[in-house]
Amino acid sequence: VTNDVGIMNELAARETVQLVFLGGTLRRRNLSFYGTQTERALEGLHVDKLFLAADGFDTDKGITTHYEPEALLNRLMCRAAREVIVVADSSKFGRVCLHRILDTSGVAKLVTDTGISAATRDELGRRGVEVIVA
């Protein structure tokens, strides 16, 4: 289930993947769809895992973004998911954007790069977040 054109294009060629595209209003800046139509398409869906990109990731303030419609949709996606896996490179740590998506307590796993500090990694571990360095 995705609202992202790039992910849709990547998965469309894989015949073993059942793909659901949410649609809505295109934000050309990141080639993703947002808005009421997108939110309605998500209603009633349940997913096992949500891979959520983050503009900001602060251990106290949580996962944040600059774009309000993205925050609204991401909150709904988090509610529909059994497990939230945040994907964020280390430049996102300590950054707090205007719109909160999710508290750190709602994150099961974090996939990041080797730039994550030991202190951040330890703090996330104390909060129950599994850190995966890729």
Rounded to the nearest 0.5 Å, how far apart are [atom1] of [X] and [atom2] of [Y]?
X: T38; Y: L76; atom1: OG1; atom2: CG; value: 10.0 Å
X: I85; Y: L50; atom1: CD1; atom2: CG; value: 8.0 Å
X: C97; Y: K61; atom1: SG; atom2: NZ; value: 13.0 Å
X: I116; Y: L110; atom1: CD1; atom2: CG; value: 5.5 Å

ILVMFWY network linking [X] to [Y], side-chain heavy atoms under 4.5 angstrom:
X: V84; Y: F51; answer: no
X: L52; Y: L45; answer: yes
X: V107; Y: V133; answer: yes
X: I63; Y: V96; answer: no

* To do: Answer yes or no: is there a side-chain heavy-atom contact under 4.5 Å between T64 and D58?
  => no
* Asked: Are V129 and T104 side-chain neighbours, meaning at least one heavy-atom pair lies under 4.5 Å?
  -> yes
Sequence neighbours excluded - salt bridge (charged side-chain N to carboxylate O under 4.0 Å, His left out) pairs with any residue from [range]:
range: residues 103-112; result: E83-K109, R100-D103
range: residues 34-43; result: none
range: residues 114-134; result: D60-R127, E123-R126, E123-R127
range: residues 65-80; result: none

Pairing residues for [X] by the side chain to side chain donor-acceptor pair (under 3.5 Å) criterion, not counting sequence neighbours:
X: R28; value: none
X: T36; value: none
X: T112; value: none

* side-chain contact (heavy atoms from CB on, under 4.5 Å) partner of N3, the single match among L73, N74, L42 -> L73
Side-chain donor-acceptor contacts of residues 7-27 below 3.5 Å, not counting sequence neighbours, with atom names and distances?
from, atom 1, to, atom 2, distance (Å)
N9, ND2, V5, O, 3.4
E10, OE2, R14, NH2, 3.1

* Structure fact -> In short, A71 meets I101 closest at the heavy-atom pair CA-CG1, 4.0 Å
* Please list all pairs passing the ring-ring contact (aromatic ring centres under 6.0 Å, His included) test where one or both residues lie in residues 113-134, with sequence neighbours left out. => none
* Asked: Which residue pairs pass the ring-ring contact (aromatic ring centres under 6.0 Å, His included) test with at least one member in residues 61-98, sequence neighbours excluded?
  -> Y34-Y67, F57-F93
* Structure fact -> By salt bridge (Lys or Arg N to Asp or Glu O under 4.0 Å), D4 pairs with (sequence neighbours left out) none
* Residue list, salt bridge (Lys or Arg N to Asp or Glu O under 4.0 Å) with R29, at least two apart or on another chain -> none
* Is the side chain of D113 donor-acceptor paired with the backbone N or O of S90 at a distance under 3.5 Å, no angle test? -> yes
